[in-house]
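Below is one structure; the comments refer to it alone.
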Amino acid sequence: MSTEQQQRVNWPLVLRQALFAGIVGAITIDGFLWLATVLPEHGSMIAVWQWVASAAIGPAAMTSTTYAWLGLLVHVLVSIGWAGGYAYLASTRAFMNARWPISGLMYGIVVYVFMDLVLLGAGKLAPLATPNALVVQVLAHCVFFGLPVAYVVAQLDRTPAAR
């Protein structure tokens, strides 16, 4: 592909899309996981965010609930990073914003697989307890992360400021 055919990346737009889409994705996936896993087990999101912090800094994060704030920060930053990856891809492949629902669902699968690899590397990947747990995780990443990220990126791409 020649340089005339290649699209230039609008980095300010990609960064804005990453920020907004990442925050929306973090909220929606946490909301779904709270409803689907935490609430039925009478758990707390504080414990979930502590676990996220423990994946980042080790078992010390499980010693105090104050580490939950670090876990929440890590979760939001990772979500922004994944959303940034999607925003960059969408900026160089016009079909992704044109077909954001399927692109978002497929990106959710990519995020799920690679996050499992990250957890494996951190020694935090645990076998899922039931087949339903796999369904919940795939739904969480595809429908409640990938789809909202793709929607926000596509909507921000359509704004007059994006052009």
Side-chain angles (χ1 to χ4, degrees), residues 11 13-91 96-97 100-157:
W11 287 108
L13 174 62
V14 168
L15 293 174
R16 192 167 66 248
Q17 289 170 324
L19 179 65
F20 289 119
I23 290 170
V24 168
I27 291 169
T28 56
I29 196 169
D30 270 2
F32 172 74
L33 290 173
W34 179 73
L35 286 171
T37 61
V38 176
L39 192 61
E41 295 174 5
H42 306 288
S44 106
M45 287 305 291
I46 298 296
V48 171
W49 294 327
Q50 263 186 277
W51 182 84
V52 171
S54 76
I57 65 166
M62 298 307 286
T63 62
S64 172
T65 57
T66 57
Y67 284 102
W69 296 108
L70 174 63
L72 177 59
L73 177 66
V74 168
H75 170 59
V76 170
L77 291 176
V78 167
S79 295
I80 291 169
W82 279 113
Y86 182 89
Y88 170 76
L89 288 172
S91 75
M96 290 180 72
N97 281 334
W100 65 265
I102 191 69
S103 298
L105 292 171
M106 293 300 105
Y107 194 69
I109 291 172
V110 170
V111 172
Y112 175 66
V113 168
F114 280 96
M115 285 307 298
D116 273 1
L117 290 173
V118 168
L119 291 174
L120 180 64
K124 287 294 193 177
L125 184 64
L128 296 171
T130 66
N132 285 345
L134 175 63
V135 171
V136 167
Q137 288 299 312
V138 171
L139 274 175
H141 286 82
C142 293
V143 176
F144 294 95
F145 184 77
L147 208 53
V149 164
Y151 174 77
V152 170
V153 169
Q155 291 306 308
L156 289 175
D157 192 56

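By convention here, the first residue in the shown sequence is residue 1.
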Suppose we screen for ring pair (Phe, Tyr, Trp, His ring centres under 6.0 Å). Which residues come up paired with Trp51, at least two apart in sequence or across chains? none

Evaluate side chain to side chain contact (heavy atoms under 4.5 Å, CB included) for Leu33 paired with Val48, printing each intermediate quantity in order. CA-CA 10 Å; Leu33 290 173; Val48 171; over 6 Å; no

Of Val78, Leu70, Leu72, Val74, the residue whose pairing with Val52 passes side-chain contact (heavy atoms from CB on, under 4.5 Å): Val74

Can you list every pair that meets side-chain hydrogen bond (donor to acceptor under 3.5 Å, both in side chains) and has a residue in residues 17-30, with sequence neighbours left out? Asp30-Trp49, Asp30-His75

Result block: side-chain N/O donor-acceptor pairs under 3.5 angstrom for residues 128-153, not counting sequence neighbours:
unit_1: Thr130; atom_1: OG1; unit_2: Asn132; atom_2: N; d: 3.3
unit_1: Thr130; atom_1: OG1; unit_2: Ala133; atom_2: N; d: 3.1
unit_1: His141; atom_1: ND1; unit_2: Gln137; atom_2: O; d: 2.8

Exactly one candidate in Ile80, Leu156, Val14, Val24 meets side-chain contact (heavy atoms from CB on, under 4.5 Å) with Leu19; the answer is Ile80

Output every pair passing side-chain hydrogen bond (donor to acceptor under 3.5 Å, both in side chains) with a member in residues 107-126, not counting sequence neighbours, ordered by first then second residue. Ser54-Lys124, Tyr112-Asp116

Quick one: side-chain hydrogen bond (donor to acceptor under 3.5 Å, both in side chains) pairs with a partner in residues 77-90, sequence neighbours left out? none

Can you give the donor-acceptor pairs under 3.5 Å from side chains of residues 55-66 to other protein atoms, not counting sequence neighbours?
unit_1: Thr63; atom_1: OG1; unit_2: Ala60; atom_2: O; d: 2.5
unit_1: Ser64; atom_1: OG; unit_2: Thr66; atom_2: N; d: 3.2
unit_1: Ser64; atom_1: OG; unit_2: Thr66; atom_2: OG1; d: 2.8

Of the non-hydrogen atoms in Gly22 and Ala83, which two are nearest, and what is the gap between them? N-CB, 3.4 Å

